[in-house]
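Below, all heavy atoms of this structure are taken into account, side chains as well, without hydrogens, waters or symmetry copies.
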Amino acid sequence: METSELVSLNRGRDVIFNYLSQCFGDIPQKSFEEMGINIRTFIKEIADNSGNEDMSKGADLMCATFASIVDMSSEQLEEHRLKRSKDYTKLFMLGKGIIPYTESAYSSEERMIKQEPWKQVKRIYADNKLKIVSDRKELEDHIAIELLFMGTMSKKSADAFEADDFDTGAEALQTQLGFYETHLNRWAGSFCNDIIGRSDELLTDFYVGAALFMRGYLAEDYSFLKELLED
């Protein structure tokens with residue numbers, strides 16, 4: 001693979017991981033909506049090029065949301081944002097059967113936070129000299145933070161390859177592959193499945209779309225990394 005292609009691919013991966021991090025990090029904010037509007041064409045393009053059915057379905061649902069936002073009046077936008085906020089709250093924060101969004105709580109029968117996965121990801125962040133949660137309120141094993149870590153390492157890879165530092169770039173990719181195998185692969189797919197399974201209860205299609213897209217993207221990205229690093 002050409003160096004320019006490695007740089008471009010990893011810049012794109014950074015964008016997608018950061019976007020997905022914002023999807024699940026908090027109730028909808030104006031800045032997130034602006035990001036979605038700006039990158040919706042990119043999301044649709046990589047979904048269509050992937051041939052992954054989950055990514056395509058998810059991209060269609062998310063992009064439909066952002067396309068409709070562009071033409072909404074301020075009153076309509078506030079109403080739509082409220083509906084998405086209610087969906088986020090219903091899925092992750094309040095009510096019966098909420099879906100834990102930290103790896104520790106999701107993985108333990110007791111739904112307890114700050115368990116072994118939390119300790120492990122903290123060590124991984126420290127080993128990579130990253131302080132990606134300094135201005136965030138989420139715990140280190142929150143799905144949004146784990147995705148943010150992947151985005152940060154994607155950027156590190158892109159920067160390294162652009163500087164012809166192939167050892168550092170490859171090392172950052174290897175770290176991501178290991179993070180998939182020890183963390184994301186163990187729970188992110190099931191997390192997405194649980195969101196998709198709640199589709200009938202939600203007021204909008206947005207989080208189902210985000211979950212479908214993420215389920216497909218993580219599977220494709222893991223396969224990409226594994227194949228790339230085996231060559």
Exercise. Under 4.0 Å between a Lys/Arg side-chain N and an Asp/Glu carboxylate O for Arg13 and Glu220?
Worked result: no

For this session: Count the heavy atoms of every other residue, nucleotide or ligand shown that sit under 6.0 Å from CE of Met72, and state whether that count exceeds 12.
Result: yes

For this session: Might you point out which heavy atoms bring Glu162 and Val7 nearest each other, and give the distance in Å?
Result: N-CG2, 3.6 Å

Exercise. What is the distance from atom CD of Gln22 to atom CD of Gln29, rounded to the nearest 0.5 Å?
Worked result: 9.5 Å

Problem set entry | Expected output: side-chain Glu227 to main-chain Leu225 donor-acceptor under 3.5 Å | no

Exercise. Short question: side chain of Asp14, backbone of Asn10 - any donor-acceptor pair under 3.5 Å?
Worked result: no

Problem set entry | Donor-acceptor contact present, side-chain Ser107 to main-chain Ser104, <3.5 Å | no

Seminar exercise, completed: Rounding to 0.5 Å, atoms CH2 (Trp118) and CD1 (Ile145) come to a distance of 13.5 Å

For this session: Give the ring-plane orientation class for Phe17 versus Tyr217, where under 30° counts as parallel, over 60° as perpendicular and anything between as tilted.
Result: perpendicular

For this session: Show the numbers, then the answer: is there a side-chain contact (heavy atoms from CB on, under 4.5 Å) between Leu77 and Ile69?
Result: CA-CA 6 Å; Leu77 181 56; Ile69 284 174; 3.8 Å; yes

Problem set entry | Heavy-atom side-chain proximity of Gln76 to His80 below 4.5 angstrom | no

Problem set entry | Qualifying residues under side chain to side chain donor-acceptor pair (under 3.5 Å), relative to Ser157, sequence neighbours excluded | none

Exercise. If you round to the nearest 0.5 Å, how far is CD1 of Ile37 from SG of Cys63?
Worked result: 11.0 Å

Exercise. Are any side-chain N or O atoms of Tyr222 and backbone N or O atoms of Tyr180, one a donor and one an acceptor, separated by less than 3.5 Å?
Worked result: no

For this session: Starting at NZ of Lys57, measure out to CG of Asp205 and round the result to the nearest 0.5 Å.
Result: 12.5 Å

Problem set entry | Heavy-atom side-chain proximity of Ile195 to Met214 below 4.5 angstrom | no

Exercise. Nearest heavy-atom pair of Leu94 and Ile98: which atoms, and what distance?
Worked result: O-CG2, 3.3 Å

Exercise. Does a side-chain N-to-carboxylate-O contact under 4.0 Å join Asp141 and Lys119?
Worked result: no

Problem set entry | Side-chain heavy-atom pair Val121, Phe179 within 4.5 angstrom cut-off | yes

Problem set entry | Side-chain donor or acceptor of Ser21 paired with backbone N/O of Ala144 under 3.5 Å | yes

For this session: Begin from the C-alpha positions of Leu148 and His142 and carry the test side-chain contact (heavy atoms from CB on, under 4.5 Å) through to its verdict.
Result: CA-CA 10 Å; Leu148 185 60; His142 191 295; over 6 Å; no

Exercise. Do Leu130 and Phe149 come within less than 4.5 Å of each other through their side chains, counting heavy atoms only?
Worked result: yes

Exercise. What is the distance from atom CG of Leu218 to atom CG of Leu20, rounded to the nearest 0.5 Å?
Worked result: 7.0 Å

Exercise. Under 4.0 Å between a Lys/Arg side-chain N and an Asp/Glu carboxylate O for Asp127 and Lys122?
Worked result: no

Exercise. Is the backbone of Glu5 close enough, under 3.5 Å, to the side chain of Ser8 for a donor and an acceptor to pair up by distance?
Worked result: no

Exercise. Which pair of non-hydrogen atoms, one from Arg111 and one from Tyr106, has the smallest distance, and what is that distance?
Worked result: NH1-O, 3.1 Å

Problem set entry | Parallel, tilted or perpendicular: rings of Phe161 and Phe166 (30°, 60°) | tilted

For this session: Using salt bridge (Lys or Arg N to Asp or Glu O under 4.0 Å) as the criterion, list what pairs up with Glu33, not counting sequence neighbours.
Result: Arg81, Arg84

For this session: Kindly state whether the ring of Phe206 and the ring of Tyr88 have centres lying under 6.0 angstrom apart.
Result: no

For this session: Describe, in one word, how the ring planes of Tyr101 and Phe92 are oriented to each other, choosing from parallel (under 30°), tilted (30 to 60°) and perpendicular (over 60°).
Result: tilted

Seminar exercise, completed: CG (Asn18) and SG (Cys23) are apart, to the nearest 0.5 Å, by 11.0 Å

Problem set entry | Criterion salt bridge (Lys or Arg N to Asp or Glu O under 4.0 Å) on Asp159 and Arg11, from CA distance to verdict | CA-CA 9 Å; Asp159 290 346; Arg11 296 271 182 236; 2.7 Å; yes

Problem set entry | Residues that Asp87 engages under side-chain contact (heavy atoms from CB on, under 4.5 Å), provided they are two or more places apart | Leu202, Leu203, Thr204, Tyr207

Exercise. Looking at side-chain heavy atoms only, is the closest gap between Leu177 and Gln174 below 4.5 Å?
Worked result: yes

For this session: Would you check if Ile143 and Leu184 make a side-chain contact, meaning some heavy-atom pair closer than 4.5 Å?
Result: yes

Exercise. What are the two closest non-hydrogen atoms of Ala211 and Ile196, and how far apart are they?
Worked result: CB-CG1, 3.9 Å

Exercise. Take atom CD in Gln120; do more than 12 heavy atoms of anything else shown fall under 6.0 Å from it?
Worked result: yes

Problem set entry | Trace of the side-chain contact (heavy atoms from CB on, under 4.5 Å) decision for Phe42 with Ile16 | CA-CA 9 Å; Phe42 176 60; Ile16 295 300; 3.7 Å; yes

Exercise. Any idea which heavy atoms bring Met150 and Gln176 closest together, and the distance?
Worked result: O-NE2, 2.8 Å

For this session: Look only at the side chain of Arg198 and the backbone of Gly97, and say whether a donor-acceptor pair between them is shorter than 3.5 Å.
Result: yes

Problem set entry | 4.5 Å side-chain heavy-atom contact, Leu61 and Phe213 | no

Exercise. Out of curiosity, does Met112 fall in the hydrophobic cluster containing Ile99 (side-chain heavy atoms, cut-off under 4.5 Å, transitive links)?
Worked result: no

Exercise. Do Leu212 and Cys192 touch side chain to side chain, with heavy atoms closer than 4.5 Å?
Worked result: no

Problem set entry | Minimum heavy-atom distance Thr168-Asp165, with the two atoms named | OG1-OD2, 2.7 Å

For this session: Give the intermediate values and the outcome of side-chain hydrogen bond (donor to acceptor under 3.5 Å, both in side chains) for residues Glu146 and His183.
Result: CA-CA 9 Å; Glu146 293 195 0; His183 292 283; 4.5 Å; no

Exercise. Are Lys86 and Glu201 close enough, and set up right, to give a salt bridge (Lys or Arg N to Asp or Glu O under 4.0 Å), and what steps lead you there?
Worked result: CA-CA 11 Å; Lys86 287 181 176 179; Glu201 306 172 31; over 6 Å; no

Exercise. Can you hop from Phe224 to Leu229 via hydrophobic side chains spaced under 4.5 Å?
Worked result: yes

